[in-house]
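Working notes, beginning with the structure itself.
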Amino acid sequence: MNASCALQHFCDTHGPQILLCTEGRPYTHDRNDNDNEILKTIYSQYIKSDNSQGKVACKSCTVSPDGILVTTVDLLNHMQYITSPSTPNQELFKNIRNACVRSLNVEKSMENDHPVLFGDDENGYCLSLSFPCKDFYARGSQRLYSLCFLCRDKYYLLSLMNRINNCMKQAIYWLQYDANQTYENEGHIKVNTTFNETTKVISVCRPPPRMPTLRMISDIVQDSNLIYRVHALFVWILRTANSAINELHFDGLATEDLTTKFERQNAFENDHIVKQRTGTLVDSNNLTTNEIIDYDEDDFDSLEYHFSSYGFEALKLFKMFIQKLNNINYLEYILYNWIIGNQLIIKYTNKTNNKDYIRAFASVFRLFLPDNCCHLIETTDHIASCTANLILFDMNSIETTNEIDENLDNNSIIIKITFDDTGEQIQEAELETLPLLQSNTYIPTYVKTIIEILIDYTIDNEALEAMITQQKIKYLNKAKLYFQLGRCQIASTLSMDERKQMEILNIRDPNDLLIIRFWQRGISQSYKTQIRLLKQDDNQQQKVQKN
C-alpha cells in the first residue's frame, strides 16, 4: 500500500503550510547498519528552515523548535514509518503540498465534521478533514488545521473512508480538547476580591491581545511531546489501512455469497442491530395486527437456516419430500417459481414442536438462491401480505382453515408438509397451488441440473453443496453482466430488445432472463459500487473530451 498522512496548518503570514508528514517504506533490518543515523543524515537538510522545499522559519508553521525525526519499525509487515516536517521524496512532497493548499483553501465540506475526498489518477487522491483549534493569541481566537490521508488508489481509499475518518476524528477530539483547556486558562485571570471583609478568588475574562502572536501547536495544546503523539496516530492509521486488505482470508476466490455475507456482518456490527424474535405484519387495510411471529431480521446470517448446519439431515428430508410429492413436474414447477423470485409458503405440521426439522428442510431451498435473494420468516398465526419470499407457517396452533389472506401474491406457491410423531420423517407432501394443465413453461437448465443432482443418491451433501454453488456462480456472473448492461451507453436500445440481451447473456429462453433479473439482488454492494464509480469516471472523461 502506497499511502501517507500529513498534519497541515493555515498560517496568517505564510498561508497553508505542512507541519508533519508520515510515510511508510519497506524495511529490511541489517545489524551492521545504523538505520536511524542514515535517516537523520538524509532528512536533516529537509528539516532545516532554509531547505529548498520552502520550509519557512515561523513558530506557527512548526511543531517543535528542534528538527525532530521520529521512526517506528513494524517487523511483522516489514515496514518503517517516518515522521518529519518534510520529506526527501519530491513526488510525495508535491502531492502533500497540493493536498495542503486544497484542503485549507478550496475543498470544504457542506457539513461539519465530514471528510472531503479529492484528487485524480495522475496525482493520487486525498481524504481531508479540516478543523479549528482555539488559541487565545490567534486572530479570531482560533487557528485552522487539517489532517490528510493520501493514497494512489481511489477505490481502495473509498473502501477505507469510514475507518480512516473515525481515526482522524479521535485525534481531532484530543487536540481540540487540549486546546480548549489552554484557551480557558489563558483567557481568564484569577483575582482576589474583598467583600464584607470576606476574600474570594474570582475568574475574570481577559481582553484579547491587540496583535496576534505566532505560536506552535505544541504550545497551543500544552504538550511538548505532541510530535510523538501525532506520529503514533499516523502510524496507527497507516497500519490499520494496510492491514484492512488482509482482514478476510479465503481458501480461494471469494464468491458473491461470501462477499455479501461479510458486508451484512459489517453492517450489523456498525449499526448495532438487535435481533428480535417478535414482530408484526401489516394487512391490506393498513391495519397492524399483533401476531406471534418467529422472525429473525438477519435470518440469512443465522446458522439455523444454512444448509451446511444440517448437511445430511437436510438432504435426507428434501429427498423424502421429492418421493412423497411423487411428481417431477410439480417439483420443477416449485423450483422454477422459487428461483425467479415468487413467494414460497411452506405450511407444516409437526406435533413435536421441534423447529429444527423444518429449518433443515428450508435450508435446502436457501441453498438454491444467492444469500441476498432470500428473505425468510417464521410465523405461527395468521399470514398477511409481506415482503418475505420464504414463509414457514406452523399449522399446529390454528383452529380454522382460513390461514391465508386473499391479499397474498397471486404468484405465491403453497406447499403442505406433515411430519410424523418423531418429526424426523415426512408423512405427506402436497402442492396446494397446482400449475395449469396446459402450461408449457420452459424449465431453465439450472432447475434441471438441481433436480439431477438431488435424485443422484451417490452424491453426498458436501459434493451437492459444491455443485449447486458452482451452478449459482454461473448465473450470478450473468447477473453481473446484466447489471453492467443496464449502465452502458447501449442500454436504452437493449432494454427494448430482449433477444439481444439473451444473445449477450448466452441464454435461450426469456424465463432464464427472469432468473438473471431477480438474481441481481445477489450481487454484492462492493461490486455494484465499483461499476457505478467506473461509469461516473467514464462520463467525466467523455465530458472532458467533448470540451
Residues 323-332, side-chain donor-acceptor partners within the protein, below 3.5 Å, at least two apart:
from: Gln323; atom 1: NE2; to: Tyr457; atom 2: OH; distance (Å): 3.3
from: Asn327; atom 1: OD1; to: Asn329; atom 2: N; distance (Å): 2.9
from: Asn327; atom 1: OD1; to: Tyr330; atom 2: N; distance (Å): 3.3

Q) Quick one: side chain to side chain contact (heavy atoms under 4.5 Å, CB included) partners of Gln176, sequence neighbours excluded? A) Phe131, Pro132, Cys133, Ile172
Q: Kindly write out the residues that satisfy side chain to side chain donor-acceptor pair (under 3.5 Å) with Arg229, not counting sequence neighbours, or none if the list is empty.
A: Asp178, Asp223
(Q) Donor-acceptor pair, distance only, cut-off 3.5 Å: does the side chain of Asn389 make one with the backbone of Cys373? (A) yes
**Q.** Pairing residues for Ser4 by the side chain to side chain donor-acceptor pair (under 3.5 Å) criterion, not counting sequence neighbours
**A.** none
Pair up each side-chain donor or acceptor in residues 448-456 with any protein partner under 3.5 Å, not counting sequence neighbours, and list the distances.
from: Thr449; atom 1: OG1; to: Thr445; atom 2: O; distance (Å): 2.8
from: Asp456; atom 1: OD1; to: Thr458; atom 2: N; distance (Å): 3.1
from: Asp456; atom 1: OD1; to: Thr458; atom 2: OG1; distance (Å): 2.5
from: Asp456; atom 1: OD2; to: Thr458; atom 2: OG1; distance (Å): 3.4

Q.
Tell me every residue that passes side chain to side chain contact (heavy atoms under 4.5 Å, CB included) with Gln470, counting only those two or more places apart in sequence or in another chain.
A. none
Q | Test side chain to side chain contact (heavy atoms under 4.5 Å, CB included) applied to Asn165 - qualifying residues, sequence neighbours left out | A | Pro115, Leu129, Lys169
Q: Classify the angle between the aromatic ring planes of Tyr357 and Phe419 as parallel (below 30°), tilted (30 to 60°) or perpendicular (above 60°).
A: tilted
Q. Listed by chain and number, what are the side chain to side chain donor-acceptor pair (under 3.5 Å) partners of Lys528, not counting sequence neighbours?
A. none
(Q) Can you list everything that forms a side chain to side chain donor-acceptor pair (under 3.5 Å) with Asp74? Sequence neighbours excluded, please. (A) Asn77, Arg239
Q | Residues which pass side chain to side chain contact (heavy atoms under 4.5 Å, CB included) with Lys316, listed by chain and number, not counting sequence neighbours | A | Phe312, Met320, Gln425
Q: May I ask you to decide if Leu505's main-chain N or O and Lys478's side chain share a donor-acceptor pair within less than 3.5 Å?
A: yes
Q) In terms of the angle between their ring planes, are Phe365 and Phe321 parallel, tilted or perpendicular, with boundaries placed at 30° and 60°? A) perpendicular
(Q) Between Met161 and Phe149, is the side-chain contact (heavy atoms from CB on, under 4.5 Å) condition met? List the steps. (A) CA-CA 10 Å; Met161 180 181 292; Phe149 181 91; over 6 Å; no
Q) Under 3.5 Å, side chain of Lys472 to main-chain N/O of Leu367, donor-acceptor pair present? A) yes
Q: Could you check whether the rings of Tyr177 and Tyr173 sit parallel, tilted or perpendicular, using 30° and 60° as the cut-offs?
A: parallel
(Q) Between Phe361 and Phe318, is the ring-ring contact (aromatic ring centres under 6.0 Å, His included) condition met? List the steps. (A) CA-CA 6 Å; Phe361 177 73; Phe318 203 87; 5.5 Å; yes
Q. Which pairs pass salt bridge (charged side-chain N to carboxylate O under 4.0 Å, His left out) with one or both residues in residues 152-161, sequence neighbours excluded?
A. Glu91-Arg152, Lys154-Asp537
Q) Going by the ring-ring contact (aromatic ring centres under 6.0 Å, His included) test, which pairs reach into residues 498-525, not counting sequence neighbours? A) Tyr446-Trp519, Tyr475-Trp519
